[in-house]
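Have a look at this one before I ask anything.
Only a predicted model underlies this, so the values are computations on that prediction, with no experimental measurement involved. Throughout, protein chains are lettered first and strands after them, A, B, ... in sequence-line order, and every chain is numbered starting at 1.
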Amino acid sequence: MESSYNFKTIEPKWQKHWEDNNFFRVNEDPGKPKYYDLEMFPYPSGNLHMGHVRNYAIGDVIARFKNMNGYNVLHPMGWDSFGLPAENAAIKHGHHPAQWTYANIENMKLQLKTLGISYDWDRELASCKPDYYKFTQWMFLKLYENGLAYKKSAAVNWCPSCQTVLANEQVVDGSCERCETTVTKKQLAQWFFKITDYAQRLLDDLVSLPGWPEKVKTMQKNWIGRSEGCQFDLTIVGSDEPLTVFTTRADTVFGVTYMVLAPEHPLVEKISRGTSYEAEVREFAQRMQFLSDLDRTSTDAEKEGVFTGAYAVNPMNGENIPIWIANYVLIDYGTGAIMAVPAHDERDFEFARKYNLPVKVVIQSDDSPTDGAQMKEAYTGDGSMVNSLEYSGLSVSEGQKQIVAFMESAGFGKGTINFRLRDWLISRQRYWGAPIPMVYCEDCGLIPVPEEQLPVLLPEDVEFKPSGESPLNYVESFYKTTCPNCGKPARRETDTMDTFVCSSWYFARFCDPHNSSLPFSKEAVDYWMPVDQYIGGVEHAILHLMYARFFTKFLNDINMLSCNEPFTNLLTQGMVLKDGSKMSKSKGNVVSPEEIINTYGADTARLFILFASPPERDLEWSDQGVEGSYRFLNRVWRLVTDCAEDIDGVQIPELFSELEPSARKLRFKTHATIKKVSDDVRDRFNFNTAISSIMELSNMMYAYRDQEEQDLPVLKEAINTLIILLSPFAPHLCEEMWHVCGHNDSICQQSWPQYDEAALVQDEMEIAIQVSGKVRERIIVPTGISKEALEAMALAQPKIQDLINGKKIIKIIVVPGKLVNIVAQ
RNA sequence: GCGGAUGUGGCGGAAUUGGCAGACGCACCAGACUUAGGAUCUGGCGCUUCACGGCGUGGAGGUUCGAGUCCUCUCAUCCGCACCA
């Protein structure tokens with residue numbers, strides 16, 4: 001491989017040069033348009049994987065491109081460094097989470113630097129450092145102050161083997177991700193953020209995000225799950241407590257044949273007490289309580305329930321209806337109770353058939369069944385109301401309106417909107433997270449830690465329990481404190497925050513990362529925010545992206561920043577696959593970035609990953625494809641080094657005079673490539689096609705080099721262009737070539753080239769001639785040729801003559817610049 | 001079950017507005033250079049046919065002078081959600 005360029009010396013050389021000269025350090029500059037380019041900050045697991053490389057390579061092309069286009073580009077990097085793996089490592093191997101985490105950061109940072117990404121390392125942050133989590137705690141306090149953080153008892157995921165609660169995302173298929181024990185439910189007092197207060201805004205503002213993938217917006221929309229309906233009260237026979245239900249089908253209220261309460265519903269015990277059903281009801285409710293969410297709510301779990309012995313009265317017609325409890329009604333949606341209309345709801349239908357409950361048809365259309373007893377499935381379509389007293393004959397939507405209006409005027413119901421979105425459970429019984437800044441005082445109750453006392457430091461000298469229980473519960477010096485209010489001894493909250501809290505505001509911190517009195521200054525965030533381009537995996541489509549939007553709206557409400565949405569444009573990159581599936585240790589198909597960089601260099605790794613597939617699509621790793629990218633870079637290297645001497649000192653004129661046809665062709669290609677690469681990178685992020693057009697340019701330059709005589713200014717222009725256009729993708733090699741060609745300044749500081757319209761003017765072009773839609777001939781014509789002349793030329797072609805001879809020409813379509821289609825019969 | 005995406009040579013992928021399908025790369029084949037090549041360079045490369053030609057973008061229809069692109073139906077794969085009343 002003697003004709004290969006030496007990436008092993010080139011790459012570190014320029015990385016050092018860029019760093020020494022602070023090329024990527026930025027400050028607010030009102031004189032330039034800003035561009036905030038951000039990749040999702042990684043969890044410091046210890047090693048970079050290909051997914052990271054892809055993520056950062058994409059971000060870096062955008063950063064370098066925008067930079068060369070005159071933008072003031074903020075491109076920072078940091079670490080999402082709190083979280084379970086550090087603690088698991090501590091339990092298993094005895095390393096302290098802090099030590100483990102910082103060592104990982106150190107290692108990953110080194111790996112990242114070998115990729116040559118244009119980060120402003122001055123703004124590096126780590127969410128596990130006190131100077132950062134101080135402000136995560138500050139965020140908590142502000143939310144608390146504004147009534148958006150509260151503590152309540154909730155049934156949470158509990159791993160009986162690890163003796164701890166788990167976040168929803170740590171429950172994989174109903175089991176603990178760590179020990180694979182089936183997760184159960186446990187009632188615990190937990191901290192929540194009231195994200196539901198923002199449900200409507202989170203939904204509404206999705207339409208103001210045209211730069212987001214439709215898929216992500218749809219997922220968020222479904223997750224928020226807004227549904228319009230009404231809530232109304234029913235009386236319970238023999239009780240004075242009302243039973244409140246939520247329904248979206250008020251029009252079917254005359255079809256109610258039974259009621260269902262969630263097993264956890266507070267009325268269950270009261271209404272069944274003293275009846276012959278009491279024991280059975282209690283037994284059922286208890287059994288449901290300990291079932292995991294998965295067992296409780298999956299669609300293939302069979303519906304089951306028991307009768308409570310009590311009856312409710314349908315307020316619309318006075319009918320008595322039996323009250324059941326069943327697994328398919330959830331306590332935390334709506335009111336935890338439903339009116340069941342088996343004729344017009346699939347779930348109710350299934351349940352009614354199982355327990356032989358009556359099915360009463362109240363909606364009918366032309367082809368819908370009329371007899372409840374004969375129905376095979378619920379009819380959920382549109383139609384008009386029947387068996388509904390004076391409402392009979394109304395349409396579904398009109399019926400809903402009138403019935404809700406009646407309920408409101410009669411005072412037992414009202415129109416309501418329900419969201420599927422639940423409040424965000426943020427407390428974790430874990431050590432390696434930001435401590436929740438609250439204190440429990442016997443006299444004063446729950447008291448927030450005053451702002452000036454932040455941060456509440458995580459104690460370092462702790463002992464990790466093999467059970468996984470938080471060591472904070474055993475650190476007296478931590479939990480023993482005094483009440484900030486009255487000064488008496490008090491107990492500190494030992495729960496820490498979900499790591500998603502840390503990542504909900506880091507993008508704002510990057511704007512002002514060294515601020516020690518505030519999370520960030522308003523001036524700094526208002527200059528940089530919102531993030532112009534955010535890049536990351538689609539796995540964060542809901543959680544992180546929704547939480548970050550929530551925080552941004554909250555920070556806007558308390559006047560900390562002026563934008564309403566954090567991320568203007570979102571690019572969700574595809575996965576990196578090997579042999580058709582995601583790289584994983586268990587499958588043994590992992591390709592390590594370190595190895596690739598060692599063998600081929602960072603430029604090759606970057607180029608391959610960008611060339612193999614457009615960014616949003618999954619990418620199939622190919623070792624041979626990597627070879628190909630390496631080969632291409634070497635081809636460019638040889639071309640440039642071979643030409644360097646010839647073009648040394650050659651002047652590129654402002655205006656080119658008449659050129660030889662071959663020189664003219666090359667110049668055309670040079671400028672066509674500028675246009676193509678600029679469009680592909682700026683408008684579409686289609687780096688694969690941008691790179692392929694650069695390859696075409698270099699191929700043509702090779703051909704041009706074979707000629708005996710060359711127009712050196714044209715060649716030099718092509719070489720310069722080639723290097724600059726390639727530089728966002730393969731920055732080290734291009735920097736080297738730039739200097740080999742005699743330049744002393746950095747390639748990063750070059751202006752992006754503009755194409756010359758004049759060079760793109762061609763005097764002739766190829767036109768396809770079709771006969772009845774099939775291409776039969778191609779001709780070269782002058783560019784400005786008239787439609788008529790083009791048509792005549794097409795008809796005059798001997799081959800065309802032969803084909804249309806003896807046929808009737810029905811019509812001729814002439815598309816200037818493209819083709820002529822002669823329709824003949 | 002619901003929602004979304006994707007389907008193009010041996011492979012990764014191009015075709016941006018309905019206008020020459022297969023750019024670019026990989027693999028493969030042939031040749032050149034060479035002591036040698038798993039380096040480099042040149043050429044070939046959808047299927048089929050000796051050829052003229054015919055066929056071809058998951059499948060079946062349709063609209064159109066013209067469809068990978070638009071419409072209807074259908075199949076397959078992947079992803080997300082999954083009793084939300």
query = Gly334(A) near the nucleic acid: base, sugar-phosphate alone, or nothing, with a heavy-atom cut-off under 4.0 Å?
reply = nothing

ask   = Checking all strands, does Gln770(A) fall into the base, sugar-phosphate, or nothing category for heavy-atom contacts under 4.0 angstrom?
value = base

query = At under 4.0 Å between heavy atoms, what does Arg776(A) touch on the DNA or RNA strands: base, sugar-phosphate, or nothing?
reply = sugar-phosphate

request  = May I ask you to evaluate whether Lys215(A) reaches the phosphate of A5(B), defined as a side-chain N or O under 4.0 Å from OP1 or OP2?
outcome  = no

request  = Return yes if some donor-acceptor pair links the side-chain N/O of Arg705(A) with the main-chain N/O of Gln710(A) below 3.5 Å, else return no.
outcome  = no

query = Where the side chain of Arg631(A) is defined as all heavy atoms beyond and including C-beta, which of G19(B), C26(B), A85(B) is the nearest nucleotide?
reply = C26(B)

query = Which value, in whole Å, describes the distance between the C1' atoms of nucleotides C11(B) and G59(B)?
reply = 23 Å

remark   = Closest to the 5' end of RNA chain B, once Ser629(A) and Trp223(A) are matched to their nearest nucleotides, is Ser629(A)

inquiry  = Suppose you measure atom C1' in U8(B) against the same atom in C47(B); what distance do you get, rounded to whole Å?
reply    = 14 Å

ask   = At under 4.0 Å between heavy atoms, what does Glu766(A) touch on the DNA or RNA strands: base, sugar-phosphate, or nothing?
value = base

request  = Could you give the distance separating G56(B) and A67(B) at their P atoms, to the nearest angstrom?
outcome  = 11 Å

request  = Side chain of Lys303(A) only, please: which of C83(B), G19(B), A21(B) is the nearest?
outcome  = C83(B)

task = Select one nucleotide: of G19(B), A85(B), C24(B), the one nearest the side-chain heavy atoms of Ile813(A).
result = G19(B)

ask   = How does RNA chain B read in dot-bracket, base by base from 5' to 3', with Watson-Crick or G-U pairs under 3.5 Å and | used when the partner is on another strand?
value = (((((((..(((......[....))).(((((.......))))).(((....)))..(((((..]....))))))))))))....

message = Whether the side chain of Asn327(A) engages the backbone of Glu302(A) through a donor-acceptor N/O pair (distance < 3.5 Å, no angle test) should be reported.
response = yes

ask   = When we call it a touch if two heavy atoms are under 4.0 Å apart, what does Thr247(A) touch: a base, just sugar-phosphate, or nothing?
value = sugar-phosphate

key: Under 3.5 Å: donor-acceptor pair, side chain of Thr604(A), backbone of Ser629(A)   = no

request  = Starting from the 5' end of RNA chain B, give me the residue, Gly773(A) or Glu346(A), whose nearest nucleotide shows up first.
outcome  = Glu346(A)

ask   = Without hydrogens or angle criteria, can the side chains of Ser662(A) and Gln707(A) be said to hold a donor-acceptor pair below 3.5 Å?
value = yes

Atom pair distance, as rounded to whole Å: CD in Glu791(A) and P in C65(B) = 17 Å

key: Gap between atoms OH and P, on Tyr630(A) and C24(B) respectively (whole Å)   = 24 Å

query = Can you tell me if the side-chain N/O atoms of Arg638(A) get under 4.0 Å from OP1 or OP2 in A39(B)?
reply = no

request  = Taking atom C1' in both A14(B) and C26(B), compute the distance separating them and give it to the nearest angstrom.
outcome  = 15 Å

key: C1' atoms of G18(B) and A85(B), separation to the nearest Å   = 46 Å

message = Quick check on C55(B): is either OP1 or OP2 less than 4.0 Å from any side-chain nitrogen or oxygen of Lys774(A)?
response = yes

request  = Taking only the side-chain heavy atoms of Tyr702(A) (C-beta and beyond), determine which of C83(B), G3(B), C41(B) contains the nearest atom.
outcome  = C41(B)

Gap in Å between the two P atoms, one belonging to G38(B) and one to C28(B), rounded = 10 Å

ask   = What is the nucleic acid contact for Ser227(A), judged by heavy atoms within less than 4.0 Å: base, sugar-phosphate only, or nothing?
value = sugar-phosphate

message = Taking Lys578(A) first and then Glu620(A), would you say they form a salt bridge - that is, a charged N and a carboxylate O separated by under 4.0 Å?
response = no

task = Could you work out the separation of G54(B) and U74(B) based on their P atoms and round it to a whole Å?
result = 34 Å

query = Testing Phe500(A), Trp223(A), Tyr198(A) for ring-ring contact (aromatic ring centres under 6.0 Å, His included) with Tyr547(A), which one passes?
reply = Phe500(A)

message = Which nucleotide wins on minimum distance to the side chain of Met219(A), given the candidates A85(B), G53(B), G80(B)?
response = G80(B)

Any side-chain heavy-atom pair of Met546(A) and Trp424(A) under 4.5 Å = no

ask   = Quick one: does NZ or CZ of Arg682(A) land under 6.0 Å from the six-membered ring centre of Phe65(A), within 45 degrees of the ring axis?
value = no

request  = Take the protein atom CG of Leu607(A) and the nucleotide atom C1' of G25(B), then report the distance between them rounded to whole Å.
outcome  = 10 Å

key: Any donor-acceptor pair under 3.5 Å from Asp423(A) side chain to Thr196(A) backbone   = yes

request  = Please state the C1' separation for the pair U72(B) and G19(B) - nearest whole angstrom.
outcome  = 24 Å

task = Classify the glycosidic conformation of G9(B) as syn or anti, calling it syn when the angle lies within 90° of 0.
result = syn

inquiry  = Please pick, from A85(B), A27(B), A82(B), the nucleotide with the shortest atom-to-atom distance to any side-chain atom of Gln624(A).
reply    = A27(B)

request  = Could you encode protein contacts along nucleotides 10-17 of chain B as a string, one character per nucleotide from 5' to 3', using B for base contact, S for sugar-phosphate-only contact and - for no contact, with a heavy-atom cut-off of under 4.0 Å?
outcome  = --BSSSB-

request  = Answer with base, sugar-phosphate or nothing: what part of the nucleic acid does Val815(A) contact at a heavy-atom distance below 4.0 Å?
outcome  = base

note = In whole angstroms, the gap separating P of A85(B) from CD of Glu350(A) amounts to 17 Å

Distance, rounded to the nearest Å, where Glu214(A) contributes CD and C79(B) contributes C1' = 16 Å

query = When the distance from CD of Gln707(A) to P of U42(B) is rounded to whole Å, what number comes out?
reply = 14 Å

task = May I ask you to decide if Thr244(A)'s main-chain N or O and Thr335(A)'s side chain share a donor-acceptor pair within less than 3.5 Å?
result = yes

ask   = C83(B) P sits how many Å from Ile325(A) CD1, rounded?
value = 19 Å

ask   = For the side chain of Met695(A), counting heavy atoms from C-beta on, which of A85(B), A82(B), C24(B) is nearest?
value = C24(B)

Closest non-hydrogen atom pair between Val681(A) and Ala690(A), with its separation = CG2-CB, 4.1 Å

key: Out of A85(B), A23(B), C65(B), whichever nucleotide has its closest atom nearest the side chain of Asp345(A)   = A85(B)

key: Crowding at NZ, Lys354(A) (>12 non-hydrogen neighbours, <6.0 Å)   = yes

request  = Please determine if Lys303(A) forms a cation-pi arrangement with Tyr328(A), meaning its NZ or CZ atom is less than 6.0 Å from the six-membered ring centre and no more than 45° off the ring axis.
outcome  = yes

message = U42(B), OP1 or OP2 - any side-chain N/O from Arg705(A) closer than 4.0 Å?
response = no

task = Send over the distance from Leu261(A) CG to C83(B) C1', rounded to a whole Å.
result = 16 Å

